[in-house]
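Here's the structure, in structure tokens; my notes come after.
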Amino acid sequence: MKSPRGTGTSLKNFPLFGPVAAIVFGFLYIPLVFVVGYSFNSNRVVTVWKGFSLEWYADVLTNDDIQRAVINSLRVASISTVLSVIFATGLAIGLLRMARAGKTAAWSLIMAPLVIPEIVFAIGTLALFVQIRFPLGVDAITLAHTAFCIPFALLPIRARLRSVDLAVYEAAADLGANEWVIFRRITLPLLAPGIVAGALLAFIISLDDFIVSYFLAGAGGTTLPVYIFGMIRNAITPGVNALSTLLLLVSVVIVTVSYIIARRKR
Amino acid sequence: MARRSTSGRAGQGTWWAGLPGLAYLVALVLAPLVIIVIFSFLSRAKLGVGVKWEFTVQPYVELFYSESLSGERSFDPTYLQIFFNSVVYSLITALVCLVLSIPIALWIATRPPKWRTLLVFLVTIPFWTSLLIRTYAFVIILNDNGPINGALTGLGILSEPIPMLYTPFATIVGLVYSFLPFMILPIYASAERFDFRLAEAAYDLGATKGRVLMRIVLPAVRPGIIAGLILVFIPALGSFLAPELLGGGKTSMIANVIAAQFGASRNWPFGAALSVMVLVIVMLALVAFAVVARRSSRRGSQQSLESLL
Amino acid sequence: MAATEASALSIRNVSKAFPTPEGGEVKALDDVSLDVADGSFMVLLGPSGCGKTTLLRCIAGLESPDSGEIDLKGTRIDDVPVWKRRVNTVFQSYALFPHMTVTQNVAFGLQMDKLPKGEIAQKVDRSLELVRLTGLGGRRPSQLSGGQQQRVALARALAKEPEVLLLDEPLSALDLKLRRGMQLELKRLQQETHITFVLVTHDQDEAMSMGDRVAVFNEGRIVQVGEPREVYLRPRTRFVADFIGEANIVDVITEGGGAAITGWGAIPGESWAADSPAIGDGRRVAAVRPEDVMLTAGGDGRFPIIDATFIGGDLHAVVQVGDMTLAARQPAADATGLSTGGRCDVAFRAGSLRIVED
């Protein structure tokens with residue numbers, strides 16, 4: 001127990017906040033622990049534990065449909081990552097130089113995918129593609145993902161850009177570099193950590209997306225989350241957990257790497 | 001003119017660097033929204049996919065009235081009820097998130113700085129994992145054979161499992177779980193900037209812990225609370241997965257009805273009209289929150305988003 | 001101004017205004033003209049917001065003047081883009097490229113000139129040697145101390161062998177001790193390289209110790225240009241007298257042919273500086289340095305001493321004379337009997353009063 005006299009830190013503490021915080025952390029993580037834990041269940045019924053087994057991993061990793069879904073997911077995520085990072089880098093630089101009114105309008109457009117409920121965005125894109133007769137499938141998903149990955153890619157790039165001393169660009173110009181050389185030799189290298197962090201975030205946002213992919217998948221565009229949704233709908237086996245665990249693992253690894261890169265050398 | 005253009009901004013790039021991105025967003029964010037609004041005033045296509053280009057307000061009429069086979073119109077509150085339920089579930093979700101978030105956000109904000117970064121990161125991790133999987137986790141947990149019922153019956157507290165899955169309760173638990181980080185982070189962002197010497201000054205003037213919390217700390221984190229309420233309420237309102245997987249057929253929310261119009265029901269104009277209504281509610285919510293918060297919430301929500309990344 | 005001396009830099013009637021957030025305009029430079037002799041060390045001195053940095057940025061090409069002309073070695077440069085000017089800048093924040101090593105930073109400008117690799121390496125070495133950083137070429141800016149970063153910024157700009165080197169408050173980020181050292185160092189560099197230096201500062205000591213000439217700025221205009229000693233001894237305006245060193249500004253009125261200070265009396269002729277401007281008619285102001293105000297103690301003195309404090313070996317005193325207060329400073333040895341609350345008589349040292357523009 002802390003002394004009743006209280007130091008600065010103990011005065012800051014409010015009773016019960018610590019235990020409640022612990023409970024909330026438990027609430028955030030225990031459900032995921034169950035998902036992972038039951039993926040090793042040898043029973044067909046997920047929640048009735050029979051024994052430890054890796055058979056479900058073997059099962060899902062050798063499934064042809066799942067392999068196709070994984071390939072679709074990776075293709076969608078990689079292409080929309082590249083596209084969204086290119087757009088976001090341009091936007092980050094452009095936003096810095098825009099007049100106030102233009103900036104406000106641009107900013108609301110960029111952030112719109114985060115505010116509009118995803119279902120509305122999904123069916124709107126579906127309606128658009130059907131209207132212009134753009135075929136549904138992997139490409140349609142890629143185009144839509146690019147749009148809502150832009151804000152996620154933009155924020156770390158913008159944070160990085162804003163942390164750069166503006167005099168650095170002036171110094172480069174002063175030393176004889178023109179705009180293009182400055183972009184290539186100063187701006188891009190300085191933004192690199194932000195760009196990598198933004199790309200990683202865009203990648204998992206695309207990889208994990210379900211709703212937009214679900215509506216735009218068409219016949220051949222099943223991505224991994226869409227496939228998992230189908231599995232949950234049909235029959236829940238620990239196979240769902242095994243796949244989910246793999247997807248969780250990818251997300252956690254990527255977000256951790258992104259976090260480390262973004263925090264380095266600030 | 002050319003003289004002024006480079007003035008004071010050598011090497012910093014130009015505003016038109018943002019044009020490709022903006023053009024893309026106009027094509028793939030703005031255009032879909034416009035199409036939705038247009039579709040909501042068009043007629044059903046014969047085959048159900050797409051629309052027939054004939055102006056009508058029928059989709060909006062369908063929100064309130066149903067038509068019997070004989071063509072008679074009667075008031076039908078089914079969809080209004082679903083809207084009402086969705087708003088209520090989202091409000092409950094936001095409030096539960098608020099109650100859970102204040103203690104943890106303040107607790108994290110009062111840790112030593114090097115711990116704070118790590119703890120905030122731990123809060124953000126679930127946000128970056130698949131929403132589908134997070135929702136699925138509760139399918140397992142709330143199951144009749146799941147760990148909660150298993151433990152309660154195993155310990156002899158219950159003779160038979162309580163049905164939890166496929167109830168409004170399950171939906172709300174799923175929603176809270178989905179969006180909790182959106183509440184914790186903005187409140188934390190406000191609390192982190194709070195100067196705790198103000199609290200010390202209040203203690204010095206004789207205030208109790210409870211009073212310091214209510215009178216000093218909570219007002220200071222108000223922008224974070226308001227931002228958090230928006231950030232939880234809006235996505236909760238448009239949720240598809242939690243009601244779909246946890247609520248079963250019984251507790252549909254708007255998103256499920258919209259999805260059905262573009263799926264089995266094949267009534268795109270009606271689905272579009274429902275979406276327009278969702279957008280209207282979202283905008284009303286944004287305006288309401290903005291009025292409550294004036295400028296502080298906007299700054300707060302942007303900061304909270306940036307703190308996510 | 002005599003055009004016999006070769007000018008490195010010639011600034012003619014340059015004006016520059018910035019829009020204010022309220023929609024108005026603020027004149028940063030108001031019809032400024034200045035000549036900088038080749039191979040000299042010019043200091044632009046003034047309080048913050050006086051326009052000195054704007055002028056520097058106009059010379060560098062980072063801002064464009066609204067009107068006027070800037071010539072470098074007889075060639076007009078105000079319409080040449082920044083990256084083509086043979087002028088380089090040492091920035092206040094140093095603006096080192098954080099992702100490059102010291103060597104890469106210094107080499108950057110030379111690469112822009114497309115020099116051969118061997119020559120670049122040679123020039124980089126020579127520049128680092130010049131600023132005494134040999135051996136640190138492989139470090140990143142973040143691994144250097146503030147003083148070392150400052151030297152890298154200098155080496156980077158000097159490596160390009162510019163016609164004029166511009167220095168924007170280069171010492172302001174250094175602590176006092178380092179700053180003294182760097183002042184001497186900059187002076188040495190300027191003398192060794194024979195490059196024309198234009199340095200901006202708000203610190204009068206810095207200006208006095210480094211500059212061959214000083215241009216004093218106030219509110220977008222140059223109020224006085226000259227050698228540091230001359231500017232100190234012969235301030236032309238009240239602002240210069242006050243900004244450089246300390247000065248008492250006293251109101252002077254003409255009274256029956258002679259001049260007088262209200263509340264003190266007629267000013268003896270020998271008190272005036274020999275080259276002080278004429279008093280003319282009406283009210284004028286005069287400047288007098290505190291060390292030229294002489295106090296003599298005495299119970300029947302005419303003036304009350306408001307404050308008397310010994311600082312080091314000097315007495316710093318404030319005396320009430322009529323409506324105004326005069327600051328005085330004199331060696332402790334001459335200050336017997338002067339104390340707070342006492343009375344004294346006041347005299348001005350011969351040749352110390354000077355009429356200045358108000």
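Residue numbers begin at 1 in each chain, while the letters A, B, ... track the order of the sequences.
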Decide if atom NZ of C/K187 counts as having more than 12 heavy atoms of other residues, nucleotides or ligands within a radius under 6.0 Å.
-> yes

Per-residue contact mode, C/V90 against chain A (heavy atom under 4.5 angstrom) | neither

According to the interplanar angle, ranging from 0 to 90°, do the rings of A/F148 and A/F121 count as parallel (below 30°), tilted (30 to 60°) or perpendicular (above 60°)?
-> perpendicular

Name the one of C/L199, C/V200, C/V43, C/N88 that satisfies side-chain contact (heavy atoms from CB on, under 4.5 Å) with C/L167?
-> C/L199

Non-hydrogen atoms of chain A under 4.5 Å away: do they reach the side chain of C/Q92, the backbone, both or neither?
-> neither

Which atoms of A/A192 approach chain C - backbone, side chain, both or neither, heavy atom under 4.5 Å | neither

Proximity breakdown for C/L96 and chain A, heavy-atom pairs closer than 4.5 Å = backbone

Would you tell me whether C/H202 and C/S172 have side-chain atoms, one donor and one acceptor, within less than 3.5 Å of each other?
-> no

Measure the shortest side-chain to side-chain distance between C/M42 and C/T196 over non-hydrogen atoms and say whether it is less than 4.5 angstrom.
-> no

Considering only heavy atoms, which portion of C/K160 lies under 4.5 Å from any heavy atom of chain A: side chain, backbone, both, or neither?
-> side chain

With a 4.5 Å cut-off on heavy-atom pairs, point out which of A/A167, A/A173, A/G176 contacts chain C the most.
-> A/G176

For chain A, find which of C/P81, C/G109, C/P162 contributes the most heavy-atom pairs closer than 4.5 angstrom.
-> C/G109

salt_bridge(C/K52, C/D168) N-O dist < 4.0 Å = no

Residue part contacting chain C, namely of A/D165, when any heavy atom lies under 4.5 Å = side chain

